[in-house]
Amino acid sequence: MLRLKFRNCRLTSTPSRNYIHSNAVRSNLHSTNLKLGDLSKSGRVEEARQLFDKMPEKDEYTWNTMIVAYSSSGRLSDAKELFRRNPVKNTISWNALISGHCKNRSKDEALSLFWEMQLQGRSFNEYTLGSVLKMCASLGLLQRGEQIHGCTVKTAFDSDVGVVNGLIDMYGQCRRVSEAEYIFKTMPGERRNNVTWTSMLTGYSRNGFAYKAIECFRDMRREGTQPNQFTFPSVLPACGAVCARRVGVQVHGCIVKSGFKTNIFVQSAVIAMYAKCRDLETARALLQDMEVDDVVSWNSLVVECVREGFKEEALSLFRRMHERDMKIDEFTLPSVLNCFASSRTEMMKIASSVHCLIVKTGYGSYKLVSNALVDMYAKRGTMDSALKVFERMIEKDVVSWTALITGNGSYEEALKLFCKMRAEGGISPDQMVTASVLSASAELTLLEFGQQVHCNHIKSGFPASLSVDNSLVSMYTKCGSLEDAEAVFSSMETKDLITWTALIVGYAKNGKAKDSLEAYKLMIDNGVRPDYITFIGLLFACSHAGLTEEAQRYFESMRTVYRITPGPEHYACLIDLYGRSGDFAKAEELLNQMEVEPDATVWKAILAASRKHGKIETGERAAKTLMELEPNNAVPYVLLSNMYSAAGRQEEAANLRRLMKSRNISKEPGCSWVEGRGRVHSFMSEDRRHQRMVEIYSKVDEMMLLIREAGYEPDVSFALHDLDKEGKELGLAYHSEKLAVAFGLLAVPDGAPIRIIKNLRVCGDCHSAMKYISRVYSRHIILRDSNCFHHFRDGSCSCGDYW
DNA sequence: GTAGGGTTAG
């Protein structure tokens with residue numbers, strides 16, 4: 001009000017001569033300032049500097065425009081120097097300088113200018129906050145961003161829509177979607193502009209919340225806000241991510257109507273969307289119709305062709321890019337390299353020529369390209385080449401490590417690499433590497449390690465991912481921790497075939513046949529089609545629970561309902577079941593009916609059945625085939641020799657043992673291990689290497705005493721042959737699994753289950769002892785042997801004494 | 001008339 005009055009006053013008074021003169025100068029200055037601004041905007045900084053130096057008179061605007069010219073072209077020290085010399089500094093001068101540092105990602109400098117500004121008594125405003133927030137967003141500086149958020153609340157700038165937009169974007173880019181959502185939802189609806197909507201949408205889309213992104217797009221239009229060239233490239237990837245082609249087509253229609261059709265960002269996103277929705281034809285046609293050869297659009301199509309397995313098409317696109325003299329970039333090459341990761345060996349020649357091209361063109365120094373090279377070599381099993389590329393990389397990121405970890409054939413090596421990645425610092429695991437490491441932990445049955453990876457993943461704040469959740473379900477079942485597997489399973493919003501199958505197989509291997517079949521029923525009710533693996537789980541469950549009729553029914557439905565040809569694994573389960581339930585003839589009949597070549601698993605089942613039924617002839621056939629299939633396996637020798645002994649054919653038994661010796665085949669030594677406090681404690685039979693050996697042996701003695709009182713009788717048929725009775729009993733007492741359980745009783749806290757893993761099948765005497773131990777000590781003992789899990793609780797075992 | 005906020009390709 002005051003200012004208005006003052007202005008009016010000036011306007012009504014008669015202008016003096018001096019005033020007219022100064023007005024003329026001002027108008028001259030004004031037009032030069034505008035010229036300076038134009039030069040700055042078009043990036044002609046040197047010309048701007050020359051003009052600035054020549055100007056006889058300068059005002060605030062002149063100085064600020066020149067600071068902007070330097071600042072936005074990255075000449076930060078020039079900007080700073082000019083800022084220092086500027087006699088008419090104002091808030092805009094500060095903002096211009098800070099914005100330059102923010103755009104240049106000089107975060108320390110930018111933030112210290114931000115604080116310095118305030119120390120010098122100059123308050124920041126909505127523009128300052130906007131710049132700094134954008135920098136926090138693009139660098140993922142969550143803590144700084146939160147600090148700035150605090151400033152906006154204290155100074156009430158959080159009512160400025162530009163600042164709010166910056167906050168939403170910052171939280172979105174720092175993967176804090178719920179914070180972004182909270183700010184978005186609590187602001188008055190009428191204040192949201194299209195930047196607000198687009199920022200929220202982008203937050204959803206980038207963080208894997210595709211459906212929410214699509215919903216956000218609909219709400220935006222419903223509220224009457226027009227989407228623009230920024231909105232479309234954000235919503236389209238969300239449609240692609242969930243294969244929502246119909247929604248994608250609607251968005252496409254909206255684009256055509258809105259006139260953003262020719263925008264290169266929009267167009268490339270449309271092509272990518274169709275390609276992701278497996279409509280390569282439309283994608284190809286759109287690419288053909290484009291007025292310019294846009295490398296991004298071509299790249300998206302190459303990527304999708306690779307993903308859909310059309311390698312030839314991808315390579316031909318790549319060739320055509322060459323022919324059209326398009327600039328191949330660091331995004332084209334990784335997709336092309338992906339073609340070779342899983343291709344035939346003949347293709348490696350082309351792969352080598354692409355690698356040469358990369359070296360020649362200097363693209364080897366691009367992270368994306370090197371990552372793809374590491375990935376390709378690792379997946380092809382040429383780890384030395386992969387490591388060579390990896391070690392030469394200056395800046396390794398989580399993708400580089402993932403390529404190395406996932407491609408590695410050895411699980412142990414994979415975990416070591418993962419630990420190394422964590423130890424070298426600065427790199428936090430993402431969903432891809434988490435899923436991969438969880439699978440490796442599962443294969444090695446490292447529950448504690450898997451749990452740590454799980455905890456880390458929760459803390460990381462990544463949204464739910466199907467592949468991580470599936471790996472978790474699988475890891476927990478493979479480590480015998482069904483409660484945890486169930487907890488993850490029931491927390492999952494979407495489940496796929498892999499999820500259900502992991503649970504079905506998991507229950508089966510943990511002796512929970514009923515739950516396994518129940519889960520199968522639920523899966524079918526949920527409209528999920530079973531596959532080859534699902535049926536292995538189901539038949540395994542049936543065979544271990546003696547459910548002959550059910551097994552036959554499932555086996556039939558495999559072929560008749562789901563058109564899946566049964567494989568050797570399925571036959572092995574059924575043969576095992578018949579053998580065990582006493583129907584040897586059926587087992588043999590099934591063997592002869594097999595459409596596929598029987599493998600070692602099938603012959604092992606036949607051998608076990610023959611042994612149980614004393615069918616030496618079939619046993620001989622099975623054992624001999626097994627000796628050929630697995631020349632280093634001692635099992636067929638031992639089992640057949642035992643069958644001879646049992647039939648009183650001692651000489652043949654001895655011959656077989658001699659043959660075994662002459663072929664240098666020995667029984668794989670039994671080994672049991674317990675995981676504890678980040679260490680694996682392993683025990684062999686009569687092992688005396690452990691640090692707490694004395695304690696462990698006296699615990700074994702106590703154990704044996706207590707369980708004998710409870711009714712346990714040692715079964716010396718499982719002991720070595722050439723000892724007297726007492727020696728045999730002692731030998732039994734110090735079997736690896738008994739040492740492991742004794743250690744577990746000493747080291748595992750009361751109430752927690754003792755988890756043991758054994759490389760071979762558990763010995764019959766140990767199995768019986770474990771049952772007693774679980775009762776006498778009131779402990780849940782979980783023993784995973786080479787075949788399945790045994791949950792010993794209160795004197796009985798989940799396997800129903802069959803393994 | 002000077003300063004801030006949203007976008008595509010692995």
Side-chain angles (χ1 to χ4, degrees), chain A residues 29-38 40-41 59-69 71-72 90-100 102-103 124-135 137-138 157 160-170 172-173 193-203 205-206 227-237 240 260 263-273 275-276 294-304 306-307 329-338 341 366-369 371-372 375 399 402-403 432:
Chain A
L29 178 59
H30 178 81
S31 66
T32 322
N33 276 344
L34 285 183
K35 207 170 160 197
L36 189 68
D38 286 342
S40 161
K41 272 187 208 121
D59 65 0
E60 289 179 10
Y61 181 86
T62 324
W63 285 92
N64 288 343
T65 307
M66 197 56 220
I67 294 173
V68 171
S71 196
S72 55
N90 59 14
T91 305
I92 297 180
S93 328
W94 280 97
N95 286 345
L97 190 64
I98 292 174
S99 144
C102 289
K103 280 186 191 138
F124 54 76
N125 66 10
E126 63 271 37
Y127 289 92
T128 334
L129 293 168
S131 288
V132 178
L133 279 172
K134 185 179 179 177
M135 180 186 67
S138 59
F157 276 117
D160 178 88
V161 67
V163 172
V164 176
N165 293 347
L167 284 170
I168 293 173
D169 179 50
M170 183 274 292
Q173 293 213 43
N193 59 20
N194 51 9
V195 180
T196 324
W197 283 97
T198 305
S199 304
M200 190 63 244
L201 207 163
T202 309
S205 176
R206 274 204 186 156
N228 62 9
Q229 73 272 29
F230 294 106
T231 324
F232 296 122
S234 258
V235 69
L236 286 164
F260 287 110
N263 177 290
I264 216 155
F265 284 89
V266 175
Q267 217 167 6
S268 65
V270 172
I271 292 175
M273 180 276 294
K276 280 209 175 83
D294 171 44
V295 67
V296 177
S297 308
W298 280 75
N299 285 347
S300 359
L301 198 54
V302 173
V303 166
E304 291 312 319
V306 177
R307 191 176 290 159
D329 66 10
E330 78 263 35
F331 291 102
T332 324
L333 292 161
S335 341
V336 173
L337 289 171
N338 271 339
Y366 283 76
K367 206 161 61 178
L368 291 179
V369 178
N371 281 349
D375 186 59
V399 183
T402 309
M432 294 275 261

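The sequence lines fix the lettering, A, B, ..., with proteins before strands; numbering per chain opens at 1. Remember, predicted model here, so these are calculated numbers, not experimental data.
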Base, sugar-phosphate or nothing for [X]? Non-hydrogen atoms, less than 4.0 Å.
| X | result |
| --- | --- |
| V161(A) | base |
| V132(A) | nothing |
| D160(A) | base |
| G166(A) | nothing |
| V68(A) | sugar-phosphate |
| N193(A) | base |
| V163(A) | base |
| S234(A) | sugar-phosphate |
| N194(A) | base |
| V195(A) | base |
| D169(A) | sugar-phosphate |

Using only heavy-atom distances, decide whether a donor-acceptor pair under 3.5 angstrom links the side-chain of [X] to the base of [N].
| X | N | answer |
| --- | --- | --- |
| N228(A) | dG6(B) | yes |
| N165(A) | dG4(B) | no |
| S268(A) | dT8(B) | yes |

inquiry  = side chain to side chain donor-acceptor pair (under 3.5 Å), that's the test. Do Q229(A) and N263(A) meet it? Break it down for me.
reply    = CA-CA 7 Å; Q229(A) 73 272 29; N263(A) 177 290; 5.7 Å; no
Could you state the [atom1]-[atom2] distance from [X] to [N], rounded to the nearest angstrom?
| X | N | atom1 | atom2 | result |
| --- | --- | --- | --- | --- |
| W63(A) | dT2(B) | CH2 | P | 20 Å |
| F331(A) | dT8(B) | CZ | P | 10 Å |
| N95(A) | dG5(B) | CG | P | 11 Å |
| L97(A) | dG4(B) | CG | C1' | 15 Å |
| N299(A) | dT8(B) | CG | P | 14 Å |
| L337(A) | dA9(B) | CG | P | 19 Å |
| D294(A) | dT7(B) | CG | C1' | 13 Å |

Check whether any side-chain nitrogen or oxygen of [X] sits under 4.0 Å from OP1 or OP2 of [N], and answer yes or no.
| X | N | answer |
| --- | --- | --- |
| S99(A) | dG4(B) | yes |
| K103(A) | dG4(B) | yes |
| K134(A) | dG4(B) | no |

Which of the following nucleotides, [options], is nearest to the side chain of [X]?
| X | options | result |
| --- | --- | --- |
| P233(A) | dG1(B), dT2(B), dT8(B) | dT8(B) |
| F265(A) | dT2(B), dT7(B), dG10(B) | dT7(B) |
| T231(A) | dG6(B), dA3(B), dG10(B) | dG6(B) |
| R206(A) | dG1(B), dT8(B), dA3(B) | dT8(B) |

What's the separation between atom [atom1] in [X] and atom [atom2] in [Y], rounded to the nearest 0.5 Å?
| X | Y | atom1 | atom2 | result |
| --- | --- | --- | --- | --- |
| S199(A) | Q173(A) | OG | CD | 9.5 Å |
| M135(A) | I98(A) | CE | CD1 | 9.5 Å |
| Y61(A) | L29(A) | OH | CG | 10.0 Å |

Is_stacked (F230(A), dT7(B)) at 5.5 Å, 30 deg |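 No, F230(A) does not stack on the base of dT7(B), since the centre distance and plane angle fail the 5.5 Å and 30° test.
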Checklist line | Near-parallel close stack of Y127(A) and dG4(B) base (under 5.5 Å, under 30°) | finding: no
* Asked: Between N125(A) and D160(A), does any side-chain donor sit less than 3.5 Å from a side-chain acceptor?
  -> no
Where the side chain of T202(A) meets the backbone of T198(A), is there a donor-acceptor pair that is under 3.5 Å apart?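 Yes; judged by distance alone, with no hydrogens or angles, the pair exists.
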- Under a 4.5 Å cut-off applied to non-hydrogen side-chain atoms, are I264(A) and V296(A) in contact?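 Side-chain contact under 4.5 Å: no.
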